[in-house]
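Report on the structure given below.
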Amino acid sequence: MDPKEHLCVRFVPLFNHLKIEDQRRINSLVHRTTYQKGETVFSPKDEPQLVIVARGSLKVYQLSVNGKEQLLRIVEPGSYEGENFLFGVENQHLFAEALEETRVCALKQDDFQGLLLDYPQLSLKFLTINAQKNTQMQEQTQFLTMEKVEERLAAYLLDLYKASQHKQVKIPMKLKELAAFLGTTPETVSRKLKYLQELGLIRRNKKEIEILDLAALESL
DNA sequence: ACATTAAGCTGTA
DNA sequence: TACAGCTTAATGT
């Protein structure tokens with residue numbers, strides 16, 4: 001088999017626990033596409049499908065009332081988007097766009113439902129991953145309930161710290177995207193990072209952040 | 001307190 | 001040198 005053909009199925013958490021012959025069957029159902037930076041991967045009213053990221057990254061967003069895009073999440077390699085559309089939830093608002101050159105594999109609604117019926121292990125794995133995704137989403141909406149931008153930014157930096165267990169963390173996206181993520185503007189993110197540094201809570205070099213005062217950040 | 005606008009700075013192709 | 005990403009300052013809500 002062409003090694004490229006393995007990309008999605010072999011190394012993605014959703015599938016990589018299955019036996020080789022089962023992976024092979026899934027592989028035959030998958031549609032591979034490479035998107036360039038800025039290209040739309042799906043939009044409302046598209047055919048329902050599960051989109052799995054093999055390489056690169058996607059942003060998933062919706063449009064607010066005034067037409068501004070509101071970034072909901074970044075989909076990294078190994079994760080997927082569109083699972084809700086596969087069970088009759090119509091996509092009315094969600095868009096996905098490639099942030100860089102991105103390889104995705106797509107599974108049609110009928111094909112994926114057939115797989116879930118045939119592979120109980122896959123169904124369980126799918127539920128587990130979705131439960132984790134839900135938790136993450138709750139944590140993110142929690143950001144937006146905080147009143148002040150520096151609170152949201154501090155909470156975000158603390159999340160990076162918790163994820164890495166390291167006082168040196170690196171912001172993994174463009175500040176423009178972080179701003180959308182936190183519900184503010186790039187300018188304000190820039191100012192607030194400077195503000196936190198002036199308070200001595202962090203030290204910063206570009207996107208490398210060293211957390212100096214964990215307790216003070218948490219108290220915000 | 002934050003957004004918007006515009007201008008300037010820096011690294012990179 | 002042209003461009004993207006970021007920062008800074010002025011001004012508006």
Side-chain angles (χ1 to χ4, degrees), chain A residues 4 7 33-44 51 53-79 81 92-104 136-164 166-220:
Chain A
K4 278 186 180 175
L7 262 178
T33 320
T34 301
Y35 294 92
Q36 298 305 313
K37 174 182 177 181
E39 279 191 284
T40 299
V41 176
F42 67 74
S43 54
V51 173
V53 175
R55 190 172 294 184
S57 57
L58 306 179
K59 65 172 173 182
V60 177
Y61 63 95
Q62 59 189 164
L63 298 179
S64 64
V65 275
N66 45 37
K68 268 175 48 178
E69 82 177 42
Q70 182 186 8
L71 191 142
L72 298 176
R73 54 193 161 270
I74 305 281
V75 187
E76 304 271 31
S79 190
E81 186 60 41
Q92 304 218 328
H93 313 286
L94 252 49
F95 295 80
E97 181 185 313
L99 291 173
E100 56 202 295
E101 180 174 313
T102 302
R103 291 186 187 174
V104 308
Q136 278 194 328
M137 276 175 49
Q138 283 175 20
E139 284 169 2
Q140 187 188 349
T141 45
Q142 193 187 345
F143 281 145
L144 301 175
T145 68
M146 299 184 220
E147 289 290 326
K148 306 180 73 177
V149 173
E150 56 255 41
E151 293 175 13
R152 281 174 254 162
L153 181 58
Y156 175 79
L157 292 175
L158 286 169
D159 275 6
L160 287 183
Y161 166 69
K162 287 171 197 159
S164 67
H166 221 270
K167 292 221 169 192
Q168 290 273 7
V169 298
K170 181 172 166 60
I171 296 173
M173 53 184 141
K174 288 181 266 185
L175 286 201
K176 180 183 170 187
E177 288 153 17
L178 176 58
F181 188 79
L182 298 175
T184 182
T185 62
E187 291 89 342
T188 299
V189 171
S190 178
R191 289 184 195 107
K192 293 304 179 183
L193 284 170
K194 186 179 174 186
Y195 171 71
L196 291 179
Q197 182 162 23
E198 281 166 357
L199 290 181
L201 305 191
I202 63 172
R203 180 157 4 114
R204 172 162 95 116
N205 186 358
K206 315 275 184 185
K207 290 179 179 174
E208 302 282 350
I209 309 289
E210 183 182 0
I211 295 177
L212 300 177
D213 193 338
L214 205 62
L217 274 182
E218 277 167 348
S219 68
L220 279 180

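Proteins get letters first, then strands, A, B, ... in listed order; numbering begins at 1 in each. Side chains included, hydrogens not; waters and symmetry mates left out as well; all remaining heavy atoms used.
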Would you please test Lys148(A) and Glu151(A) for salt bridge (Lys or Arg N to Asp or Glu O under 4.0 Å) and show each step?
CA-CA 5 Å; Lys148(A) 306 180 73 177; Glu151(A) 293 175 13; 5.8 Å; no
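- One can place CD of Glu150(A) at 9 Å from C1' of dA1(B), the figure rounded to the nearest angstrom.
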Could you run down nucleotides 3-9 of chain C 5' to 3' and tag each one B, S or - for protein heavy-atom contact under 4.0 Å?
--SSSBB
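- With hydrogens and angles disregarded, a donor-acceptor distance shorter than 3.5 Å links the side chain of Arg152(A) to the backbone of Glu147(A).
- Distance Leu153(A) CG to dC2(B) C1': 14 Å, rounded to the nearest Å.
- Side-chain atoms of Arg204(A) come within 3.5 Å of backbone atoms of Lys206(A) as a donor-acceptor pair (strictly under, hydrogens ignored).
- In this structure, the side chains of Lys174(A) and Lys207(A) come closer than 4.5 Å at one or more pairs of heavy atoms.
- Across Glu150(A), Gln197(A), Glu187(A), a single residue satisfies side-chain hydrogen bond (donor to acceptor under 3.5 Å, both in side chains) together with Lys192(A), and that is Glu150(A).
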